[in-house]
There are 2 protein chains.
Amino acid sequence: MKLADIAERAGVSLTTVSRVVNGDRNVKSSTRARVQRTMDELNYYPNLHARSLAGGNSKTIGVLVSNLDNPFFLDIYRKIDNLAQRNGYDSVVSATHYDPDRLRAGIQSMIGRRVAGIAVVVSEMEPHIVEELSKVEIPVVFYDVGRGGKRVTNIRLDYTKGMRQLLEYLFALGHRRMAFISYPLPLQSTEERRTAFLEMMAAHAAPAHVISASSDEFASSREAARELLRAGFEPTAILCVNDLMAVGVLKELSEQGISVPRQISVTGYDNIPLSQVTIPALTTIHIPREEIAQLAFDVLVPGRTGSSKLGQEILVEPELIVRQSTGLAPVKS
Amino acid sequence: MKLADIAERAGVSLTTVSRVVNGDRNVKSSTRARVQRTMDELNYYPNLHARSLAGGNSKTIGVLVSNLDNPFFLDIYRKIDNLAQRNGYDSVVSATHYDPDRLRAGIQSMIGRRVAGIAVVVSEMEPHIVEELSKVEIPVVFYDVGRGGKRVTNIRLDYTKGMRQLLEYLFALGHRRMAFISYPLPLQSTEERRTAFLEMMAAHAAPAHVISASSDEFASSREAARELLRAGFEPTAILCVNDLMAVGVLKELSEQGISVPRQISVTGYDNIPLSQVTIPALTTIHIPREEIAQLAFDVLVPGRTGSSKLGQEILVEPELIVRQSTGLAPVKS
DNA sequence: TTGAAAGCGGTACCAG
DNA sequence: CTGGTACCGCTTTCAA
């Protein structure tokens, strides 16, 4: 079914049909009705490819995220999608699974679709890709990538600052021996947390221990916790690179009969919804996903908000959220 | 940048450029190299719209889910996406948020994109929509919708059976007074669980109580649990319509100092990954998402698997997973 | 109010 | 091995 078909059937020109499809006022209502009817009868669906090819514009924004399983990324995508829908746009996601090749493929696909804008919210990133992307005529917004480009905006969060808030709080509670469970992959965003941890610990001359989970799954963070306990380091607090990992750690400690936070305090990072209902609820660092999504969208879509922030660097603030998984350091027995 | 541009720049015909883009063997390697080079220089990205318009085929499969926040749906989408990628296809998702209008819009969009197939994995569904979809020439596979169509496959799970497994297990543990926390929306899949619960309880002349959460969020299931406890019904077991709700319930019970499963047993439904790390781990019903995704994909993509299951009805089996959130019914004090 | 025709960027078939 | 060209289905002037 195409415009021409229904045009013929309705006895009007293709142009007229196009008009009613697009809600053009200049069509006699009787004609409009007739066309509308035939469209229903032949159940016509406009070919979006033809549409955007002819129209040139796409009205869809592309979102690239590392991993939809992580509520952090999912949330940002969802919020961008909502904003898009609400503003007459469409959205397309693609998960890279931390694989630069898939990232590249995703970008190709987005550009090939001639999307109106691309939001790249991934943790993995090669300089080459950033560079390539900055040559494109499409507006691009990155989250978390070090460098900007001409028409490339970069939103970033000071992970170090978040880590500092967490540690200052823990030090205030009397903790000294602390461990950090880091991410399996060397992503900039997570490495920054690890480094910050190590540096601050060193600055306080506090005994630190870092261990890396072997994958993204709960089983791995549990395993990491188990290993940590076996290692004999005996931390009074375990800081996790993100909330999801902390959930696994909480589980492992529970299984081993270790009370949180009485014996060991645990913290997460991200403040995903789940962190409120873990037992105990997680002390964590809030990353303003809502704000990030909104900023990303505003940058990509012209919007009435006046001046475009294209090409700028936007900073976003982390915030310490104290819940029940942290408490005073246990007194040395 | 289009084919013509780079053709001109490279001093060859548009056709030749098209050939190298598509990896056609019949191009002198020197020519190929030259063209390739100019493509890089002008960083050319083929216009996918033009491509699928001209080619007619789309090589992308569309997935419609109710809610990506629910790991159940997310998981199915991810698996379908993986299968797609692995087989040279692309995929597009759209979340309906349980809204028939958004579902309709999503379908329009998929058809408009002329996708190769559509997987509709949503809980909300209007007869009208099913009907409309069955008129389309595109292969469609539903999960969980009562009725099939000509070229429409329907994959279904016997929720009642799962509920029965759960209840038989609980009865065996000595439970009688049990409550069910149901979904805020009257979705077929969730209603079926509720009804099954009620019927089985009636059959055993056991005291039953049903309460509905007011939303999808953790806060709501907690609220529902709180209300349930206040109501004075005093169940020895609380069955939740899905795992996510159970997480909230577990949290609320924990806050109130009620021990699970010693004082009250709790169950979920779906067997999402999270259910393994809740404290205590959830007894639940496994829904074979992997299998569902695989089936859906096989139906949509011709595949070498011989006979197409198009238009059939495929059944999938639930399975009881016993973990630590359930135990013997407490002895009446 | 309505219609005709020129693209949009590719694909694919037919010649050479 | 390379080039010419007729569409794909729709948007968008320009006329009528």
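Note that these values count all heavy atoms, side chains included, but never hydrogens, waters or copies made by symmetry. In what follows, every chain begins at residue 1, and chains take the letters A, B, ... in the order their sequences are listed.
- Look at A/R104 and A/D99 and you find no salt bridge, because none of the NZ, NE, NH1 or NH2 atoms lies under 4.0 Å from a carboxylate O.
- The separation between B/K59 atom NZ and C/dT11 atom C1' is 16 Å, rounded to whole Å.
- The separation between B/L3 atom CG and C/dC8 atom P is 13 Å, rounded to whole Å.
- Heavy-atom distances under 4.0 Å link DNA chain D to A/Y44, A/P46, A/N47 of residues 37-47 of chain A, given in residue order.
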Under 3.5 Å, which N/O atoms of the protein pair with N/O atoms of nucleotides 1-5 of chain D?
{"unit_1": "D/dT2", "atom_1": "OP1", "unit_2": "B/T31", "atom_2": "OG1", "d": "2.6"}
{"unit_1": "D/dT2", "atom_1": "OP2", "unit_2": "B/K28", "atom_2": "N", "d": "2.9"}
{"unit_1": "D/dT2", "atom_1": "O4", "unit_2": "B/R19", "atom_2": "NH2", "d": "3.4"}
{"unit_1": "D/dG3", "atom_1": "OP2", "unit_2": "B/S13", "atom_2": "N", "d": "3.0"}
{"unit_1": "D/dG3", "atom_1": "OP2", "unit_2": "B/S13", "atom_2": "OG", "d": "3.4"}
{"unit_1": "D/dG3", "atom_1": "OP2", "unit_2": "B/T16", "atom_2": "OG1", "d": "2.7"}
{"unit_1": "D/dG3", "atom_1": "N7", "unit_2": "B/R19", "atom_2": "NH1", "d": "3.4"}
{"unit_1": "D/dG3", "atom_1": "O6", "unit_2": "B/R19", "atom_2": "NH2", "d": "2.6"}
{"unit_1": "D/dG4", "atom_1": "N7", "unit_2": "B/T15", "atom_2": "OG1", "d": "3.0"}
{"unit_1": "D/dG4", "atom_1": "O6", "unit_2": "B/T15", "atom_2": "OG1", "d": "2.8"}

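- By the 30° and 60° cut-offs, the orientation of the rings of B/F297 relative to B/Y89 is perpendicular.
- At distances below 3.5 Å, not a single donor-acceptor pair connects side-chain atoms of A/N87 with backbone N or O atoms of A/A84.
- Atom-to-atom, CG of B/N22 to P of C/dC13 comes out at 13 Å; the value is rounded to the nearest Å.
- A salt bridge between A/K79 and A/D75 is present, with a side-chain N of the basic residue lying under 4.0 Å from a carboxylate O of the acidic one.
- Salt bridge status for B/D90 with A/R113: present, with a side-chain N to carboxylate O gap under 4.0 Å.
- By the 4.0 Å N-to-carboxylate-O rule, B/R78 lies close enough to A/D69 to be salt-bridged with it.
- In this entry the distance linking CG of B/D5 with P of C/dC8 reads 10 Å, nearest Å.
- The distance between atom CD of B/E8 and atom P of C/dG9, rounded to the nearest whole Å, is 14 Å.
- The aromatic rings of B/F73 and B/Y98 lie perpendicular to each other, with more than 60° between the two planes, well past the 30° mark.
- Here the C1' atom of nucleotide D/dT12 and the CG atom of A/L53 are 13 Å apart, to the nearest Å.
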Side-chain polar contacts of residues 11-20 of chain A - donor-acceptor pairs under 3.5 angstrom, sequence neighbours left out - could you list them?
{"unit_1": "A/S13", "atom_1": "OG", "unit_2": "A/T15", "atom_2": "N", "d": "3.3"}
{"unit_1": "A/S13", "atom_1": "OG", "unit_2": "A/T16", "atom_2": "N", "d": "3.2"}
{"unit_1": "A/S13", "atom_1": "OG", "unit_2": "A/T16", "atom_2": "OG1", "d": "3.3"}
{"unit_1": "A/S18", "atom_1": "OG", "unit_2": "A/N22", "atom_2": "ND2", "d": "3.4"}

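- Counting to the nearest Å, the C1' atom of C/dG3 and the CG atom of A/D24 are 13 Å from each other.
- The minimum heavy-atom distance between B/Y45 and A/Q108, with the atom names listed, is CD2-OE1, 3.9 Å.
- As a whole-Å value, the separation of A/I6 CD1 from D/dG9 P is 14 Å.
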